[in-house]
Amino acid sequence: MWTRSKLKEAAKAALHRNYWKIMLVSMILVLLGCETGGLTFHKTTYQTDSEEGVREMKSGSLPTGKRSIVTVRRHADSGKTTVETIGGGEFETDEVEISFLDGMFIGFVTIIIFVIIFAVVLAIILVVDIFLLNPFSVGGKRFMIKSVEDVAQVKEIAFAFDHSYKNIVKVMFQMDLRIFLWTLLFIIPGIIKMYEYYMVPYILTENPDMDYRAALQMSREMMDGNKWKTFVLGLSFILWDILGALTLGIVEVLYVQPYRCLTFAALYCQLRNTRVMNHMEVPAYGQGGVNAPYDMNGQYEAYGNANAQYGMNGQYGAGVNQNMQYGGQYDVNGNNDGQQW
């Protein structure tokens, strides 16, 4: 049974052991948007000066401190419009009358253009998220897991691009799709599914070839009875987040975010070890057949293939001449090379 205090102790020990590398990787993940973080910058204002009969529209801000990039003024008395450019120059134009049908057509075309631009931008964001950010997220979690267990190298963040990249992309997409669809049902079911599939990227760090159905099922089993506790674990960092906000994000970047990532990596290690100790079987969804090897540490063989270390069919194997290991060599049929566990 895990506790928040034990997980945080493990995270602090890892942070002390490998601080600068962990902080660097955490910063990279935040900048990529793989973890909590992000900035928004846009402001549009509308002002009306009743004394001069002028309507202004201001959009955007310059880094030099100027109030606006372009100002458009329409004079109520003359019916003319004055346009000020960035350089300070201006020109006037007469008011143009547009018929109702022309206005409808222009509005329709504007909406179509807006929808197309929005769709293109959304598609680009989704492509970047699916093919770039998700693999980086898996690599970042692998780095944190290895940091908790020992000392990790920064190169681990690129793990997904060198190990079953296509399958990792597929599994993460399947996970995101299910969470999104469940979110459409009044949000709450989506939050529940998010915690249900919380361990999927962590599972992929050690099992990049695992079929998406097996990964989802394994995460559900690992999070069974742990969803609420994981939610509370996240809430336990709220005071740290407030401190990070008060320091303009400095504490968040230098300490809070690495600390949080390591804590959840420690949670995965605890759930994984508990699962192995309980001799829980790996879901039998093999990629390309039922004999594909999948397990928590890349050591278990589905349906008890030869030389597997923990067979799916049966306690320690399901066939003849299979050398099974679990804490020591154990031969199912008592062959000469088998040692009684």
Side-chain angles (χ1 to χ4, degrees), residues 4 7-8 10-42 63 121-122 124-149 151-162 165 168-169 171-173 175-176 179-180 190-191 194-195 197-205 230-269:
R4 294 194 300 274
L7 295 181
K8 290 184 177 182
K12 290 177 182 177
L15 194 59
H16 177 74
R17 188 167 55 243
N18 199 23
Y19 173 75
W20 290 109
K21 290 180 181 179
I22 293 172
M23 190 272 289
L24 175 61
V25 170
S26 177
M27 185 180 298
I28 293 173
L29 295 176
V30 169
L31 292 177
L32 290 174
C34 300
E35 302 291 346
T36 305
L39 299 174
T40 57
F41 176 77
H42 182 72
V121 172
L122 181 62
I124 293 174
I125 292 174
L126 288 176
V127 168
V128 172
D129 182 67
I130 293 171
F131 294 100
L132 183 64
L133 300 186
N134 279 347
F136 268 124
S137 179
V138 171
K141 287 175 172 55
R142 179 179 173 84
F143 173 86
M144 295 299 172
I145 291 171
K146 285 188 169 293
S147 295
V148 168
E149 296 180 332
V151 176
Q153 300 299 320
V154 176
K155 65 180 182 180
E156 295 292 348
I157 195 174
F159 168 81
F161 296 95
D162 297 327
Y165 171 76
I168 289 176
V169 168
V171 175
M172 293 295 288
F173 172 75
M175 180 193 73
D176 290 338
I179 293 174
F180 171 74
I191 296 176
M194 180 182 70
Y195 281 96
Y197 298 143
Y198 205 90
M199 292 299 153
V200 169
Y202 292 96
I203 293 170
L204 291 175
T205 64
T230 303
F231 173 74
V232 174
L233 177 62
L235 285 181
S236 67
F237 289 93
I238 190 169
L239 294 179
W240 281 109
D241 291 330
I242 293 174
L243 179 60
L246 293 176
T247 57
L248 302 180
I250 296 176
V251 174
E252 183 76 22
V253 173
L254 297 181
Y255 185 77
V256 180
Q257 189 60 30
Y259 180 28
R260 184 185 359 248
C261 292
L262 288 169
T263 301
F264 282 102
L267 172 61
Y268 167 75
C269 293

Beyond-backbone contact of [X] with [Y], side-chain heavy atoms, under 4.5 angstrom:
X	Y	answer
Ile145	Cys269	yes
Thr263	Leu267	no
Pro135	Met172	no
Val256	Leu243	no
Leu29	Ile157	yes
Val232	Arg4	yes

Check: Side chains of Thr205 and Lys146: donor-acceptor distance under 3.5 Å anywhere?
Finding: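 Distance-only check fails for Thr205 and Lys146.
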How long is the straight-line distance from [atom2] of [Y] back to [atom1] of [X], given to the nearest 0.5 Å?
X	Y	atom1	atom2	value
Glu149	Met144	CD	CE	14.0 Å
Gln257	Glu252	CD	CD	5.5 Å
Phe180	Met194	CZ	CE	15.0 Å
Thr230	Leu235	OG1	CG	11.0 Å
Tyr259	Ile22	OH	CD1	13.0 Å
Ser137	Leu132	OG	CG	11.0 Å

If we ignore hydrogens and angles and just use 3.5 Å, is the side chain of [X] paired with the main-chain N or O of [Y] as donor and acceptor?
X	Y	answer
Arg17	Lys12	no
Ser147	Val151	no
Tyr255	Trp240	no

Notebook entry, point to check: Any idea how Tyr268 and Tyr202 line up, ring-wise: parallel (<30°), tilted (30 to 60°), or perpendicular (>60°)?
Noted result: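 Tyr268 and Tyr202: parallel rings.
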Closest heavy-atom pair and its distance - [X], [Y]:
X	Y	result
Val148	Ala14	CA-CB, 3.9 Å
Pro258	Leu15	CB-CD1, 3.8 Å
Met23	Val253	CG-O, 3.8 Å

Answer yes or no: are there more than 12 heavy-atom neighbours, outside [X] itself, under 6.0 Å from its atom [atom1]?
X	atom1	answer
Ile238	CD1	no
Tyr165	OH	yes
Tyr19	OH	yes

Check: Listed by chain and number, what are the side-chain hydrogen bond (donor to acceptor under 3.5 Å, both in side chains) partners of Tyr197, not counting sequence neighbours?
Finding: Arg220
Margin query: Once side-chain hydrogen bond (donor to acceptor under 3.5 Å, both in side chains) is applied, do any residues pair with Asp176, and if so which ones, sequence neighbours excluded?
Written below: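 Asp176 satisfies side-chain hydrogen bond (donor to acceptor under 3.5 Å, both in side chains) with Asn134 once adjacent residues are dropped.
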Checklist line | Ring centres under 6.0 angstrom apart (Phe264, Tyr198) | finding: yes
Notebook entry, point to check: Among Phe143, Phe131, Phe159, Phe161, whose ring-ring contact (aromatic ring centres under 6.0 Å, His included) with Phe136 holds?
Noted result: Phe161
Checklist line | Listed once per pair and sorted, the salt bridge (Lys or Arg N to Asp or Glu O under 4.0 Å) pairs that draw on residues 232-250, sequence neighbours left out | finding: Asp241-Arg260
